[in-house]
Number of protein chains: 2
Amino acid sequence: MSEPLDPAMFHDPDCEDRAQPIRVGGKWTAMVLRCLEDGQPRRFSELRVPLHRITPKVLTETLRTMERNGFLARTEYEENPPRVEYALTELGRSLIGPLDTACSWARAHGPEIVEAREAYRA
Amino acid sequence: MSEPLDPAMFHDPDCEDRAQPIRVGGKWTAMVLRCLEDGQPRRFSELRVPLHRITPKVLTETLRTMERNGFLARTEYEENPPRVEYALTELGRSLIGPLDTACSWARAHGPEIVEAREAYRA
DNA sequence: CTGTATCCCGGCGGATACTG
DNA sequence: CAGTATCCGCCGGGATACAG
């Protein structure tokens, strides 16, 4: 472990609003990634459905943060009615590997956690 | 994406205290993992130092949760003064791989995030 | 359709003091 | 030494209503 252990090092002092740690994940970030991993750009409303009817405010926040971090690109078409599409960037796609790794671990070891919790009651 | 997208599926209804989502990570969990990854058991006070003087309450919470999830084993020695040691379990060690994956990604792409954020200001 | 604007609540995480 | 007990502030995330 040559790296320092202070989580403060992951904070971005240049953030204009409130202190925003560098992190992949709000609650919905990974799932937005899953929704877009096939490469197909999707619209705001299209994303809401598979995300369990996430409220517009929360989806906007998630999308903005991901855009700000360079994970996805927002394309606004000058039409009426308005149309906006979101798609993963190359950087966003690079997250899919690590995400898969984490998901694989969870699928493989999730039951062990449940067992451990039951055992802990005793 | 054959998996469902509802984060509610990650919640453990059998948790006795408050609803506790199945998650690897509180703020300090990954770093506790780093502190113990060499296999050497460590004491409560030994852990506090590299963890940026984390308060005892927060360290206790982190440790308890990790123990409850089966990530580490707590061994209490009947001595005076009291001595308690924490060590990773096999399940805990299995987390190191995914953690390394995430850290590698962060080290490789962190600068791109910083760039993206700067670009976003414009 | 694609968002903002408000309001609100629960809980994580920290500070401080105390105990077996 | 190895924790508990209390108190508290912040902010992520949800509900609801409204706007361009």
Side-chain angles (χ1 to χ4, degrees), chain A residues 5-8 10-12 15-32 35 41-49 51-69 72-87, chain B residues 5-8 10-12 15-32 35 41-49 51-69 72-87:
Chain A
L5 286 176
D6 186 356
F10 295 112
H11 287 259
D12 176 10
C15 185
E16 57 188 4
D17 33 43
R18 46 175 163 263
Q20 182 104 10
I22 295 184
R23 58 169 179 190
V24 175
K27 180 176 181 179
W28 300 99
T29 309
M31 281 173 284
V32 169
C35 288
R42 289 198 163 74
R43 309 176 61 165
F44 191 87
S45 297
E46 286 182 288
L47 290 172
R48 289 194 64 191
V49 181
L51 295 177
H52 208 244
R53 316 292 302 165
I54 182 176
T55 61
K57 178 203 154 204
V58 175
L59 181 54
T60 301
E61 287 170 354
T62 304
L63 259 20
R64 282 286 188 284
T65 299
M66 292 178 73
E67 185 191 1
R68 182 175 136 78
N69 287 340
L72 53 79
R74 178 179 180 278
T75 310
E76 195 171 350
Y77 296 90
E78 311 274 338
E79 298 176 2
N80 196 304
R83 185 170 124 245
V84 179
E85 286 188 341
Y86 295 89
Chain B
L5 286 175
D6 186 356
F10 295 111
H11 285 260
D12 177 9
C15 185
E16 56 188 6
D17 34 40
R18 47 174 163 264
Q20 180 105 7
I22 293 182
R23 57 172 180 186
V24 173
K27 180 175 179 179
W28 299 98
T29 309
M31 280 172 288
V32 170
C35 288
R42 288 199 164 71
R43 308 174 61 162
F44 192 86
S45 296
E46 286 181 289
L47 289 172
R48 288 194 64 190
V49 181
L51 294 178
H52 208 245
R53 315 293 302 165
I54 183 176
T55 61
K57 178 202 156 204
V58 175
L59 181 55
T60 301
E61 286 169 355
T62 304
L63 259 21
R64 284 284 188 284
T65 300
M66 292 178 72
E67 186 191 1
R68 181 175 136 80
N69 287 339
L72 52 79
R74 179 180 180 278
T75 310
E76 195 171 349
Y77 297 88
E78 311 273 339
E79 299 178 4
N80 195 303
R83 187 170 121 244
V84 178
E85 286 188 340
Y86 296 89

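Here is how names work: the chains are called A, B, and so on, in the same order as the sequence lines, proteins then strands, and each is numbered from 1.
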Proximal nucleotide (of [options]) relative to the [X] side chain:
X: B:Glu61; options: C:dG3, D:dG14, C:dG13; result: C:dG13
X: B:Arg74; options: D:dT6, D:dG3, C:dG20; result: D:dG3
X: B:Pro56; options: C:dC1, C:dG3, D:dG3; result: D:dG3
X: A:Arg43; options: C:dC1, C:dT4, D:dC1; result: C:dC1

Item to complete: Could you tell me whether a side-chain N or O of B:Arg74 sits under 3.5 Å from a main-chain N or O of B:Glu85, the two making a donor and an acceptor?
Response: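 Looks like no, no N/O pair under 3.5 Å.
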Calculate the interatomic distance between [X] atom [atom1] and [N] atom [atom2]; express it in whole Å.
X: A:Ile54; N: D:dA15; atom1: CD1; atom2: P; answer: 10 Å
X: A:Leu51; N: D:dG13; atom1: CG; atom2: P; answer: 13 Å
X: A:Leu59; N: C:dC1; atom1: CG; atom2: P; answer: 14 Å
X: A:Glu46; N: C:dT2; atom1: CD; atom2: P; answer: 8 Å
X: A:Arg83; N: C:dG3; atom1: CZ; atom2: C1'; answer: 17 Å
X: A:Lys27; N: D:dC11; atom1: NZ; atom2: C1'; answer: 14 Å
X: B:Tyr77; N: D:dG3; atom1: OH; atom2: P; answer: 13 Å
X: A:Glu76; N: C:dT2; atom1: CD; atom2: C1'; answer: 9 Å

Worksheet item: Measuring from A:Tyr86:OH to A:Met66:CE, what's the distance to the nearest 0.5 Å?
Response: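 Spacing of OH (A:Tyr86) from CE (A:Met66) equals 11.0 Å.
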[N] phosphate, OP1 or OP2: any side-chain N/O from [X] under 4.0 angstrom?
X: A:Arg42; N: C:dC1; answer: no
X: A:Thr55; N: D:dG14; answer: no
X: A:Arg64; N: C:dT2; answer: no
X: A:Ser45; N: C:dT2; answer: yes
X: B:Lys57; N: D:dT6; answer: no

Worksheet item: Is any side-chain heavy atom of A:Thr60 closer than 4.5 Å to a side-chain heavy atom of A:Phe44?
Response: yes
Item to complete: Just jot down the salt bridge (charged side-chain N to carboxylate O under 4.0 Å, His left out) partners of B:Glu46, sequence neighbours excluded, or say none.
Response: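 Testing B:Glu46 for salt bridge (charged side-chain N to carboxylate O under 4.0 Å, His left out), a comparison that skips the adjacent residues, returns none.
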Worksheet item: Where is the tightest heavy-atom contact between A:Leu51 and A:Met31, given as atom of each residue plus distance?
Response: CD2-CB, 3.6 Å
Discussion item. Using every non-hydrogen atom in the two residues, find where A:Pro82 and A:Arg43 come nearest and quote the distance to one decimal.
Written reply: O-NH2, 3.4 Å
Item to complete: Mind checking A:Val58 for me? I need base, sugar-phosphate or nothing, with any heavy atom below 4.0 Å counting as a touch.
Response: base
Item to complete: Specify the angle, to 10°, made by the local axes at the two ends of the helix from C:dC1-D:dG20 to C:dG20-D:dC1 when five pairs are taken at each end.
Response: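 Axis-to-axis angle, ends of the helix: 50°.
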Discussion item. Which is more 5' along DNA chain D, the nucleotide nearest A:Arg53 or the one nearest B:Phe44? Just name the residue.
Written reply: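 Result of the comparison: B:Phe44.
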Worksheet entry | Test: B:Arg83 cationic atom under 6.0 Å from B:Tyr77 six-membered ring centre, within 45° of axis | yes
Worksheet item: What residue among B:Leu47, B:Val58, B:Val84 forms side-chain contact (heavy atoms from CB on, under 4.5 Å) with B:Leu63?
Response: B:Leu47
